[in-house]
Chemist: 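Okay, here's the structure, questions in a sec.
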Amino acid sequence: MIDLEALRSLRAVAEEGSVVAAAAALGYTPSAVSQQVKRLERDTGLPMLERVGRGVVLSRAGAQLVEDGSRLLTDLESLESDLHRQAEQAAGHLRLGTFSTATRGLVAPALAALATSEPLLRVTLTELEPWDAIAHVATGRQDAAVVHAWGDVALDVPEHLERTVVMRERADLVVRPDHPFAARESVTAHDLVGVTWVATPEGTICRQWLSRMYDGTGARPRVAHVAGEFDSHLALVAAGLGVSLVPRLGRSDLAAVPGGPLVAVPVVEPVPTRTVSFVSRRSMAGSPAVTALREALSRG
């Protein structure tokens with residue numbers, strides 16, 4: 001009989017490309033994943049992995065088992081969701097992908113409420129970029145995700161996933177009180193040509209939006225400082241080292257920023273608006289746990 005946990009481990013090796021990466025994704029040790037794969041080899045009498053150089057790839061039997069077994073795991077996931085739905089019980093463990101500002105301003109309050117209303121449900125978090133979070137949900141490494149998309153920045157969601165909008169929000173230009181824009185009612189992208197920016201790293205969806213915001217201005221944003229966390233952005237702005245485009249979700253009190261206070265100025269033409277969505281697999285549509293989590297986030 002094929003062990004389902006061992007099958008999940010083999011699928012993770014296929015998705016992550018190595019035993020070590022699979023172990024990190026599953027929260028196991030590499031030794032535990034190796035033992036799971038060896039269990040499959042004992043149960044089937046066939047090799048699951050082949051060594052190539054210093055790494056491993058799936059054998060023909062291993063690749064077939066992952067392909068066919070993934071459908072089995074999806075069917076079992078649907079069965080488990082239906083059983084919990086019939087029992088009207090939100091229970092078990094959900095792995096949630098999210099992003100930093102959502103963690104502070106949306107997810108943390110929702111999970112605090114769920115801890116009281118659904119004591120049998122456990123949720124663990126991993127912060128990821130939106131496209132990584134969607135890929136993790138699509139392949140079963142996460143059960144659900146909170147993702148965001150700015151303006152017309154594309155965020156493709158595979159057909160076997162469901163996407164529900166939980167909120168819409170915008171970002172403001174954050175400056176020091178002595179900045180020339182501090183007294184303005186609003187600013188446009190054309191006004192921002194030539195300013196010195198504090199921005200998120202290249203490749204992040206927020207950085208992509210900042211670049212697209214300049215479309216039609218004949219210029220590109222002049223980025224002097226790069227930081228992943230918006231709290232770091234605020235500290236750099238307070239130090240007079242630039243300006244930043246900061247989402248309202250999870251933003252610190254600008255009056256209490258060390259070195260502040262700071263001023264938030266609305267941006268128009270274009271308005272930096274983002275959609276925050278909840279993504280999960282359709283095979284878990286009947287899960288009371290997924291429903292409870294989605295509803296808690298929507299209430300936030």
Side-chain angles (χ1 to χ4, degrees), residues 99-102 104-106 129-131 133-134 146-157 163-255 257 259-278 298 300:
F99 56 98
S100 59
T101 52
R104 294 195 298 273
L106 180 64
E129 278 294 307
W131 36 75
I134 288 173
V146 179
V147 299
H148 61 117
W150 284 100
D152 62 350
V153 176
L155 192 60
D156 294 329
V157 177
R163 180 180 182 180
T164 304
V165 175
V166 296
M167 70 175 296
R168 290 181 173 86
E169 69 147 355
R170 61 186 294 174
D172 299 309
L173 178 73
V174 176
V175 300
R176 284 164 51 102
D178 57 359
H179 192 278
F181 291 153
R184 296 275 294 270
E185 291 186 0
S186 64
V187 293
T188 69
H190 285 276
D191 295 328
L192 297 171
V193 171
V195 302
T196 298
W197 285 99
V198 179
T200 57
E202 286 280 6
T204 62
I205 197 166
C206 293
R207 181 68 170 268
Q208 287 187 7
W209 166 256
L210 179 63
S211 295
R212 290 197 184 197
M213 193 173 73
Y214 273 69
D215 288 351
T217 66
R220 307 307 301 162
R222 189 173 69 187
V223 176
H225 305 287
V226 175
E229 293 294 328
F230 285 110
D231 281 350
S232 299
H233 288 217
L234 299 180
L236 291 167
V237 173
L241 299 175
V243 303
S244 181
L245 194 67
V246 182
R248 296 176 181 178
L249 182 63
R251 189 169 67 197
S252 304
D253 180 2
L254 297 183
V257 173
L262 300 176
V263 176
V265 184
V267 180
V268 296
E269 300 178 21
V271 177
T273 304
R274 69 177 176 178
T275 301
V276 179
S277 302
F278 179 84
S298 297

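No hydrogens, no waters, no symmetry mates; every other heavy atom, side chains included, goes into these values.
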Chemist: Side chains of R220 and S211: closer than 4.5 Å at any heavy-atom pair?
Modeler: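 They are in contact (side-chain heavy atoms under 4.5 Å apart), so the answer is yes.
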Chemist: Let's go through L173 and R184 carefully: what are the C-alpha distance in whole Å and the side-chain angles of both, what is the deciding distance for side chain to side chain contact (heavy atoms under 4.5 Å, CB included) to 0.1 Å, and is it a yes or a no?
Modeler: CA-CA 11 Å; L173 178 73; R184 296 275 294 270; over 6 Å; no
Chemist: Table please: side-chain donor-acceptor pairs of residues 231-240 below 3.5 Å, with sequence neighbours left out.
Modeler:
unit_1: D231; atom_1: OD1; unit_2: S252; atom_2: OG; d: 2.8
unit_1: H233; atom_1: ND1; unit_2: S244; atom_2: OG; d: 2.8
unit_1: H233; atom_1: NE2; unit_2: A227; atom_2: O; d: 2.8

Chemist: Minimum heavy-atom separation for P177 and V263, please, with both atom names.
Modeler: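 What the structure gives for the nearest pair is CA-CG2, 4.0 Å.
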Chemist: Is a side-chain N or O of D253 found less than 3.5 angstrom from the main chain of A255, in a donor-acceptor match?
Modeler: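 Confirmed, D253 side chain pairs with A255 backbone.
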Chemist: Where do G194 and R222 come nearest, in terms of heavy atoms and distance?
Modeler: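 Taking every non-hydrogen atom into account, O-NH2, 2.8 Å.
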Chemist: I'd like to know if the side chain of R104 and the backbone of R251 have a donor-acceptor N/O pair within less than 3.5 Å.
Modeler: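 No, because the side chain of R104 does not come within donor-acceptor range (under 3.5 Å) of the backbone of R251.
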Chemist: Do you know the tightest heavy-atom contact between V267 and D172?
Modeler: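 It is CG2-C, 4.4 Å.
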Chemist: Does R163 use its side chain to pair, donor to acceptor, with the backbone of D156 at less than 3.5 Å?
Modeler: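 Judged by distance alone, no pair lies under 3.5 Å.
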Chemist: Going through the checks in order, is the side chain to side chain contact (heavy atoms under 4.5 Å, CB included) test met by H148 and L249?
Modeler: CA-CA 11 Å; H148 61 117; L249 182 63; over 6 Å; no
Chemist: Please report the shortest heavy-atom distance between T101 and R274, naming the atom on each side.
Modeler: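 Between these two residues, the closest heavy atoms are OG1-NH2, 2.8 Å.
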Chemist: Determine the interplanar angle of the H179 and F181 rings, folded into 0 to 90°, and report it as parallel if under 30°, tilted if 30 to 60°, perpendicular if over 60°.
Modeler: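 Rings of H179 and F181: tilted, as their planes differ by 30° to 60°.
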Chemist: With a 4.5 Å heavy-atom cut-off, do L106 and V166 have their side chains touching?
Modeler: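 Contact flag for L106/V166 side chains = yes.
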Chemist: Just do the side chain to side chain contact (heavy atoms under 4.5 Å, CB included) check on V243 and W197 with the steps written out, would you?
Modeler: CA-CA 5 Å; V243 303; W197 285 99; 3.8 Å; yes
Chemist: Please name all residues satisfying side chain to side chain contact (heavy atoms under 4.5 Å, CB included) with T217, sequence neighbours left out, ordered by chain then number.
Modeler: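 Result, side chain to side chain contact (heavy atoms under 4.5 Å, CB included) vs T217: A189, H190, V193, Y214, A219.
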Chemist: Could you tell me whether the side chain of E169 and the main chain of R248 form a donor-acceptor pair under 3.5 Å?
Modeler: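 Indeed, once roles are kept as given, a pair shorter than 3.5 Å links the two residues.
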Chemist: Does some side-chain heavy atom of P247 sit less than 4.5 Å from a side-chain heavy atom of W150?
Modeler: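 A side-chain contact under 4.5 Å exists here.
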Chemist: Please name the pair of heavy atoms, one in P272 and one in W209, separated by the smallest distance, quoted to 0.1 Å.
Modeler: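 Closest approach of P272 to W209, heavy atoms only: CB-NE1, 3.3 Å.
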Chemist: Quick check on R168: does its CZ atom have over 12 non-hydrogen neighbours (other residues, nucleotides or ligands) under 6.0 Å away?
Modeler: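 Atom CZ in R168 is not crowded, with 12 or fewer foreign heavy atoms closer than 6.0 Å.
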Chemist: Which heavy atom in V146 sits nearest to a heavy atom in A102, and how many Å separate them?
Modeler: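 Heavy-atom minimum between the residues: CG1-CB, 4.1 Å.
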Chemist: Would you indicate whether the side-chain heavy atoms of E202 and V223 approach each other to under 4.5 Å?
Modeler: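 No. Closest side-chain heavy atoms not under 4.5 Å.
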Chemist: Determine, step by step, whether V147 and F99 satisfy the side chain to side chain contact (heavy atoms under 4.5 Å, CB included) criterion, reporting the C-alpha distance in whole Å, the side-chain angles of both residues, the deciding distance to 0.1 Å, and the verdict.
Modeler: CA-CA 7 Å; V147 299; F99 56 98; 5.5 Å; no
Chemist: As an exercise, state the distance from CG of L210 to OG1 of T204, rounded to the nearest 0.5 Å.
Modeler: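 Separation between the atoms: 9.0 Å.
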Chemist: Okay, side chain of E129, backbone of I205: is any donor-acceptor separation there less than 3.5 Å?
Modeler: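 Side chain of E129 to backbone of I205, a donor-acceptor pair under 3.5 Å: yes, one is there.
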Chemist: Find the distance between CG (L245) and SG (C206) and round it off to the nearest 0.5 Å.
Modeler: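 The distance works out to 8.5 Å.
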